[in-house]
Amino acid sequence: MASVGPSAASTQPALPSGPAVFKTIPYAFILPEILCGTWVWILVAATSVSLPLLQGWVMYVSLTSCLISLLLLLSYLLGFHRNSENWKVLDSLYHGATAILYMSAAVLQANATITSEFGTNAPLNYQLNSAASFFAFLTTFLYILHAFSIYYQ
């Protein structure tokens, strides 16, 4: 039977820094999260917002998440984490909470898509809202993958 000692406990994988962030799961999901989230708020901003309360929440979630994820990506690229295990907890909590918020935004955006089907300038707004809904659900999926894949490292 193999002994379990301090050497076995110290084999935790190191947190990536620099360009290794783009090659390591789950941290490689950060850039696609930012890009898909950016598409959400660009597409929503391109529509004539018929439901300002619903789509305002979508814009708030997508823009805030995009900015915070960008700051998180920069902190990993610059090595601010100093290989601390607390960063894994912070990363998991952030991505889990953001996945929940993004799911609510995606559902509200899908509702706005349905109501824009027969509104003014219907074909263009419907297509833009449909694309925004697609990217909102895709971004939600990426945040969920990121949050759960931290546990399987």
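- Between the side chain of S92 and the backbone N or O of K88 there is no donor-acceptor pair closer than 3.5 Å.
- To the nearest 0.5 Å, the span separating CG on N111 from CD on Q55 amounts to 9.5 Å.
- Cluster annotation: Y76 and L78 are assigned to the same hydrophobic cluster (Ile/Leu/Val/Met/Phe/Trp/Tyr, side-chain heavy-atom contacts under 4.5 Å, transitive).
- Hydrophobic clustering of Ile, Leu, Val, Met, Phe, Trp and Tyr side chains at less than 4.5 Å, counting indirect connections, keeps V44 apart from F137.
- Side-chain contact between T139 and W39 is absent, with no heavy-atom pair separated by less than 4.5 Å.
- Note on I30: it does not cluster hydrophobically with L71, by side-chain heavy-atom contacts below 4.5 Å among ILVMFWY residues.
- Under the side-chain hydrogen bond (donor to acceptor under 3.5 Å, both in side chains) criterion, S75 pairs with no residue at all, not counting sequence neighbours.
- Annotation: the span from T47 atom OG1 to L128 atom CG amounts to 6.5 Å, rounded to 0.5 Å.
- Side-chain atoms of Y143 and S65 include no donor-acceptor pair closer than 3.5 Å.
- For V40 against A136, the heavy-atom pair with the smallest separation is CG2-N, 3.4 Å.
- For the 3.5 Å distance criterion, the side chains of S130 and T113 fail to qualify, holding no donor opposite an acceptor.
- A distance of 11.0 Å separates CD1 of I144 from OG1 of T98, quoted to the nearest 0.5 Å.
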Query raised in the report: Does the pair L145 and H95 meet the rule for a side-chain contact (heavy atoms from CB on, under 4.5 Å), with working shown?
Result: CA-CA 9 Å; L145 275 177; H95 282 89; over 6 Å; no
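- Linking Ile, Leu, Val, Met, Phe, Trp and Tyr residues whenever their side-chain heavy atoms come within less than 4.5 Å leaves I100 and V61 in two separate clusters.
- Within the model, atoms OH of Y126 and CD1 of I114 stand 7.5 Å from one another, a figure rounded to the nearest 0.5 Å.
- Residue-environment remark: CZ (F141) stays at or below the threshold of 12 foreign heavy atoms within 6.0 Å.
- The side-chain heavy atoms of Y102 and S62, taken from C-beta on, include a pair separated by under 4.5 Å.
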Query raised in the report: Going through the distances and angles, do Y94 and S69 end up as a side-chain contact (heavy atoms from CB on, under 4.5 Å)?
Result: CA-CA 9 Å; Y94 164 70; S69 293; 2.9 Å; yes
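- Interatomic distance, OG1 of T140 versus CD of Q109, reported as 11.0 Å (0.5 Å rounding).
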**Report entry** Steps toward side-chain contact (heavy atoms from CB on, under 4.5 Å) verdict (V58, W41)
**Finding:** CA-CA 7 Å; V58 175; W41 62 266; over 6 Å; no
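- Taken together through direct or relayed side-chain contacts under 4.5 Å among Ile, Leu, Val, Met, Phe, Trp and Tyr, L90 and L77 form part of one hydrophobic cluster.
- In this structure, CZ in F29 is found 7.0 Å from CG in L142, a value given to the nearest 0.5 Å.
- Looking only at atom types and distance, the side chain of S116 has a donor-acceptor partner in the side chain of N129 under 3.5 Å away.
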Query - Test side-chain contact (heavy atoms from CB on, under 4.5 Å) applied to T64 and Y60, step by step - result: CA-CA 6 Å; T64 305; Y60 172 75; 3.5 Å; yes
